[in-house]
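These notes concern the structure reproduced below.
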Amino acid sequence: MPMILKFFLFGAAGLIMEVFWTGMGSLINKDLKATSKTSIWMFFIYGSTAFMTPLIHIMQPFPWLIRGLVYAITIFLIEYTMGISMKAVKICPWDYSEARFNVHGVIRLDYAPVWVVVGLIKEFIYINYFI
């Protein structure tokens with residue numbers, strides 16, 4: 001599958017997951033409309049995780065927890081790089097500065113379990129539908 005198609009599919013999947021995540025957060029905070037929020041810039045960030053696909057092949061022999069941790073670290077690296085770059089030009093759509101375990105306001109270390117799960121979901125989708 002061409003990388004541009006992977007980029008598009010991972011970008012779309014990421015936006016869908018973010019809409020669900022932010023909508024559930026709104027619902028938990030008593031917004032019965034379950035209002036979601038995202039930014040078009042997020043499409044490009046989620047799309048860039050398509051570059052993880054070679055890593056998925058390399059990681060297959062390893063146990064799921066090791067794979068998930070490697071995916072989480074990779075996602076943190078992408079999120080950090082993109083966040084710092086976007087902050088530099090004042091278009092970063094998120095700010096974690098108030099969060100307890102933030103790094104420069106662009107990543108939250110307490111999100112590591114979420115990124116483990118997201119990485120394994122992306123792996124599952126890629127292996128089962130794109131190979």
Side-chain angles (χ1 to χ4, degrees):
M1 175 182 299
M3 185 58 75
I4 189 74
L5 183 56
K6 290 179 192 176
F7 188 95
F8 178 80
L9 293 170
F10 277 85
L15 285 179
I16 290 166
M17 286 190 284
E18 181 163 345
V19 166
F20 181 79
W21 178 264
T22 59
M24 289 302 293
S26 294
L27 190 59
I28 288 167
N29 288 315
K30 307 219 184 335
D31 171 6
L32 297 180
K33 293 180 184 178
T35 306
S36 296
K37 183 177 179 184
T38 191
S39 164
I40 196 65
W41 298 119
M42 297 309 293
F43 172 81
F44 300 101
I45 293 169
Y46 293 126
S48 69
T49 62
F51 297 107
M52 288 175 56
T53 56
L55 181 61
I56 291 172
H57 293 285
I58 293 167
M59 296 303 300
Q60 285 311 288
F62 294 93
W64 69 269
L65 184 57
I66 300 297
R67 295 193 320 267
L69 290 172
V70 169
Y71 300 149
I73 291 166
T74 305
I75 291 168
F76 273 139
L77 289 171
I78 292 168
E79 183 180 30
Y80 184 82
T81 303
M82 297 298 285
I84 290 294
S85 300
M86 294 171 81
K87 277 181 94 169
V89 294
K90 299 181 179 11
I91 61 169
C92 189
W94 70 92
D95 182 5
Y96 298 139
S97 296
E98 301 300 318
R100 183 172 180 192
F101 299 106
N102 84 84
V103 178
H104 301 129
V106 295
I107 62 172
R108 289 182 55 168
L109 298 178
D110 56 323
Y111 276 11
V114 173
W115 296 139
V116 167
V117 172
V118 167
L120 292 169
I121 288 170
K122 287 185 178 231
E123 175 194 75
F124 176 83
I125 292 169
Y126 178 70
I127 288 172
N128 289 288
Y129 299 102
F130 299 125
I131 293 183

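- The hydrophobic cluster containing Ile28, built from Ile/Leu/Val/Met/Phe/Trp/Tyr side-chain heavy atoms closer than 4.5 Å, comprises no other residue.
- Remark: Met42 CE to Trp94 CH2 distance equals 5.0 Å, nearest 0.5 Å.
- Ile91 is connected to Leu15 through a chain of hydrophobic side-chain contacts under 4.5 Å among Ile, Leu, Val, Met, Phe, Trp and Tyr, so both are in one cluster.
- Interatomic distance, Ile75 CD1 to Thr49 OG1, rounded to the nearest 0.5 Å: 6.5 Å.
- Note that CD1 of Ile40 is 11.0 Å distant from CD1 of Ile45, once rounded to the nearest 0.5 Å.
- Listed here is the closest heavy atom pair of Lys122 and Ile56: O-CD1, 4.5 Å.
- One hydrophobic cluster holds both Tyr129 and Leu5 under the rule that ILVMFWY side chains link at heavy-atom gaps under 4.5 Å.
- Pairing each heavy atom of Pro93 with each of Ser39, the nearest pair is CB-CB, 3.5 Å.
- Here the CE-CD1 distance, from Met86 to Ile84, works out to 12.0 Å after rounding to the nearest 0.5 Å.
- Each of Tyr126, Phe43, Phe51 was compared with Phe10 under the side-chain contact (heavy atoms from CB on, under 4.5 Å) criterion, and only Tyr126 meets it.
- Partners of Asp31 under the salt bridge (charged side-chain N to carboxylate O under 4.0 Å, His left out) rule, at least two apart in sequence or in another chain, do not exist in this structure.
- For Val116, the side chain to side chain contact (heavy atoms under 4.5 Å, CB included) partners at least two apart in sequence or on another chain are Leu69, Ala72, Leu120.
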Would you tabulate the side-chain donor-acceptor contacts of residues 61-68 under 3.5 Å, counting partners in other chains and residues two or more places apart, or write 'none'?
| unit_1 | atom_1 | unit_2 | atom_2 | d |
| --- | --- | --- | --- | --- |
| Arg67 | NE | Glu123 | OE1 | 3.4 |
| Arg67 | NE | Glu123 | OE2 | 2.7 |
| Arg67 | NH1 | Phe62 | O | 2.7 |
| Arg67 | NH2 | Glu123 | OE1 | 3.1 |

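- Judged as a side chain to side chain contact (heavy atoms under 4.5 Å, CB included), and not counting sequence neighbours, the contacts of Phe44 are Phe7, Trp41.
- Pairs engaging residues 81-109 under the salt bridge (Lys or Arg N to Asp or Glu O under 4.0 Å) rule: Arg108-Asp110 [sequence neighbours left out].
- Taking Ile107 as the reference, Phe76, Glu79, Tyr80, Val103, Leu109 meet the side chain to side chain contact (heavy atoms under 4.5 Å, CB included) condition, with sequence neighbours excluded.
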What side-chain donor-acceptor pairs closer than 3.5 Å can you find for residues 18-25, not counting sequence neighbours?
| unit_1 | atom_1 | unit_2 | atom_2 | d |
| --- | --- | --- | --- | --- |
| Glu18 | OE1 | Tyr46 | OH | 2.4 |
| Glu18 | OE2 | Thr38 | OG1 | 3.3 |
| Thr22 | OG1 | Glu18 | O | 3.0 |
| Thr22 | OG1 | Val19 | O | 3.4 |
| Thr22 | OG1 | Lys37 | N | 3.0 |
| Thr22 | OG1 | Lys37 | O | 3.4 |

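- Linking ILVMFWY side-chain heavy atoms closer than 4.5 Å, directly or via other members, places Val114 and Met82 in a single hydrophobic cluster.
- Taken to the nearest 0.5 Å, the CG atom of Leu55 stands 6.0 Å off from the OH atom of Tyr71.
- Annotation: side chain of Thr53 is not in contact with side chain of Met1 (no heavy-atom distance under 4.5 Å).
- Here Leu77 is tied into one hydrophobic group with Ile73, each link being a pair of ILVMFWY side chains closer than 4.5 Å.
- Hydrophobic clustering (ILVMFWY, side-chain heavy atoms < 4.5 Å, transitive): Met17 and Phe8 are in one cluster.
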